[in-house]
Protein chains: 2
Amino acid sequence: MGSKILVVDDEHEIADLVEVYLQSENFTVYKFYGALEALQCIETTELDLAILDIMLPDMNGLTLCQKIREHHHYPIIMLTAKDEETDKITGLTLGADDYITKPFRPLEMVARVKAQLRRYKMYNPNRAEDAVSPVIVHSGLVMNVDTHECLLNEKSLMLTKTEFSILRILLEKKGSVVSAEELFHEIWQDEYYSKSNNTITVHIRHLREKMSDTVDHPKYIKTIWGVGYKIEA
Amino acid sequence: MGSKILVVDDEHEIADLVEVYLQSENFTVYKFYGALEALQCIETTELDLAILDIMLPDMNGLTLCQKIREHHHYPIIMLTAKDEETDKITGLTLGADDYITKPFRPLEMVARVKAQLRRYKMYNPNRAEDAVSPVIVHSGLVMNVDTHECLLNEKSLMLTKTEFSILRILLEKKGSVVSAEELFHEIWQDEYYSKSNNTITVHIRHLREKMSDTVDHPKYIKTIWGVGYKIEA
DNA sequence: ATTGCAGATTAGGAAAATCTTAAGATTTCG
DNA sequence: CGAAATCTTAAGATTTTCCTAATCTGCAAT
């Protein structure tokens, strides 16, 4: 099954919302409305990630974060209603790996969780038993997310970070059409997207160019007009 | 039958309007003009989605939203007359999945309801007994909304975005007649429609032409004079 | 059979979406 | 800091799709 994620927030609605969205991605969620209740779970369960609210009634979320860090080094994401820069930084220096300010869009939260998990499991392959396989293979194409290598028909493709991300997303959803906007949001979660932003188009172009160097039919990435891009399953 | 949808709004006209449009899409509607009346329904009925006004006389809609979230995970859409960004965001963090500001166009509302239902049922297949499936099959025809593919008797149909939409709508309502105006509004929710606009006719023509390439009797799409088009069930 | 109207058929131009390029901005790294 | 790599922006070219409008066809009521 999916990774084990701890969620601690005294605002029930938010904790529940987070839980629902994480479960819908097949993660196993351990949800608590208070820090004290969560402590036992932290000690007894081998977690893969924690999402902690900073403002908790019984214990400061940052303290909880510290407590986790005493014995564990899986990713910790802080939730905070405050938009104060100082808090963010404090959270990060205390051992958190990312922070999300409320209010947040649920899908953005999920994207960040996945990003942290990927990074974590990359350096902890022993924890990666149920991770999204770091190596993706598809008709002549081999991608290794860990090593950031990509081979097309035995030949190495030198891809930039963004190009790599686009190709990875298309392969992960291979068969389905992915719109430019979806790609954009998967890569730059918070950034604002407008139709006049054609940066995805340009990166797609670069990708196709690099792929066409080693492949006759560079139709790997298909354009579905008015809908998006896809790689045939 | 269709999904069960809760509608709560003290403005009778709006609640009634929402009800009519949802019923016309074969949803089962549970309508209430106050939050207190709705509470019992929430406890006793296995709902699939809720539409709540924020401004209610007897209880804040957001509170109602919270109450639902305590025990249920189905999508919640908030209605609000206020166009204030803060309110919208509050609604979302409190557990709502989408919001619609009044005044709204009914068909847009229906579209959002469908979008939320699709997402919800996708992750809750046990609830998907009557979900709109991403793949539609009908006498030799296979449509996959995700991959944007369409096969007619094993042969691929290359459809444009609009053609695809028209065929999808006709198939989703297969058996019943759909007028050109209905098709138009399903596809271009906001745009103005006038009889002199024969664009649907033209797209239907293109569809029929593409289908006739692989089928002897291109009577898949029947014309009901003076009423609309339909695909036999 | 005639007539009126709804839909069908075309084709060409308009509009929209994507592609291509290249220059300038930014980031990275030594 | 400076060079190289990468990213973003923007403008114009290209491709695909859509819409309009004029004409044609055929249903259906009289």
S.K.: When you get a sec, tell me which of dA17(C), dT8(D), dC19(C) is the closest nucleotide to the side chain of Arg208(A)?
M.R.: dC19(C)
S.K.: Which heavy atom in Ile221(A) sits nearest to a heavy atom in Met211(A), and how many Å separate them?
M.R.: CD1-SD, 4.2 Å
S.K.: Tyr220(B) and Gly140(B): which non-hydrogen atoms are nearest, and at how many Å?
M.R.: OH-CA, 4.4 Å
S.K.: In this structure, how many angstroms lie between the P atom of dT18(C) and the CD1 atom of Ile224(A), rounded?
M.R.: 11 Å
S.K.: What string of B, S and - do you get for nucleotides 20-30 of chain D 5' to 3' if you count protein non-hydrogen atoms under 4.0 Å?
M.R.: BBB---B----
S.K.: Angle between the end axes of the helix from dA1(C)-dT30(D) to dG30(C)-dC1(D), five pairs per end, to the nearest 10 degrees?
M.R.: 40°
S.K.: At under 4.0 Å, does any side-chain N or O of Trp188(A) touch on OP1 or OP2 of dT8(D)?
M.R.: yes
S.K.: Could you list the donor-acceptor pairs under 3.5 angstrom formed by side chains in residues 149-160 of chain B, with sequence neighbours left out?
M.R.:
| unit_1 | atom_1 | unit_2 | atom_2 | d |
| --- | --- | --- | --- | --- |
| Glu149(B) | OE1 | Thr147(B) | OG1 | 3.0 |
| Thr160(B) | OG1 | Glu163(B) | N | 3.4 |

S.K.: Using 4.0 Å as the upper bound for N to carboxylate O, is an ion pair formed by Glu172(A) and Lys114(A)?
M.R.: no
S.K.: May I ask you to evaluate whether Thr160(B) reaches the phosphate of dC18(D), defined as a side-chain N or O under 4.0 Å from OP1 or OP2?
M.R.: yes
S.K.: Measure from CD1 on Ile221(A) to C1' on dT20(C) and round the result to the nearest Å.
M.R.: 16 Å
S.K.: Measure from CD1 on Ile200(B) to C1' on dC18(D) and round the result to the nearest Å.
M.R.: 11 Å
S.K.: I'd like a table of atom pairs between the protein and nucleotides 27-29 of chain C - only N or O on both sides, under 3.5 Å - with the distance next to each one.
M.R.:
none

S.K.: Could you pull out the closest heavy-atom pair between Leu79(B) and Asp53(B), with the gap in Å?
M.R.: O-OD1, 3.1 Å
S.K.: Taking only residues two or more places apart in sequence or in another chain, which ones pass ring pair (Phe, Tyr, Trp, His ring centres under 6.0 Å) with His148(A)?
M.R.: Phe164(A)
S.K.: Tell me the closest heavy-atom pair linking Pro75(B) and Asp48(B), and the distance in Å.
M.R.: CD-O, 3.2 Å
S.K.: Do any side-chain nitrogens or oxygens of Arg205(A) fall under 4.0 Å of OP1 or OP2 in dT18(C)?
M.R.: no
S.K.: Would you tell me if any nitrogen or oxygen in the side chain of His206(B) comes within less than 4.0 Å of OP1 or OP2 on dC18(D)?
M.R.: no
S.K.: Could you check how far CD1 of Ile204(A) sits from C1' of dT18(C), rounded to whole Å?
M.R.: 11 Å
S.K.: I want to check one thing: is the phosphate of dA6(C), taken as OP1 and OP2, less than 4.0 Å away from some side-chain N or O of Tyr229(B)?
M.R.: no
S.K.: Could you pull out the closest heavy-atom pair between Asp9(A) and Ala15(A), with the gap in Å?
M.R.: O-CB, 3.8 Å
S.K.: Between side-chain atoms of residues 223-233 of chain B and protein atoms elsewhere (two or more places apart, or another chain), which donor-acceptor pairs fall under 3.5 Å?
M.R.:
| unit_1 | atom_1 | unit_2 | atom_2 | d |
| --- | --- | --- | --- | --- |
| Thr223(B) | OG1 | Arg208(B) | NH1 | 3.4 |
| Thr223(B) | OG1 | Arg208(B) | NH2 | 3.2 |
| Glu232(B) | OE2 | Lys222(B) | NZ | 3.1 |

S.K.: So which heavy atom on Leu49(A) is nearest to which on Ile51(A), and how close?
M.R.: CD2-CG1, 3.6 Å
S.K.: Tell me whether the side-chain N/O atoms of Thr223(B) come closer than 4.0 Å to OP1 or OP2 in dA8(C).
M.R.: yes
S.K.: Take the protein atom CD1 of Ile166(B) and the nucleotide atom P of dC18(D), then report the distance between them rounded to whole Å.
M.R.: 9 Å
S.K.: Leu183(B) CG to dA6(C) P: how many Å, rounded?
M.R.: 18 Å
S.K.: Any idea how His203(A) and His206(A) line up, ring-wise: parallel (<30°), tilted (30 to 60°), or perpendicular (>60°)?
M.R.: perpendicular
S.K.: Rounded to whole angstrom units, what separation is found between the CG atom of Leu207(A) and the C1' atom of dT18(C)?
M.R.: 16 Å
S.K.: What integer distance in Å separates Glu181(A):CD from dA17(C):P?
M.R.: 13 Å
S.K.: Test His72(A) against Leu47(A) for side-chain contact (heavy atoms from CB on, under 4.5 Å), laying out the working first.
M.R.: CA-CA 9 Å; His72(A) 308 281; Leu47(A) 295 163; over 6 Å; no
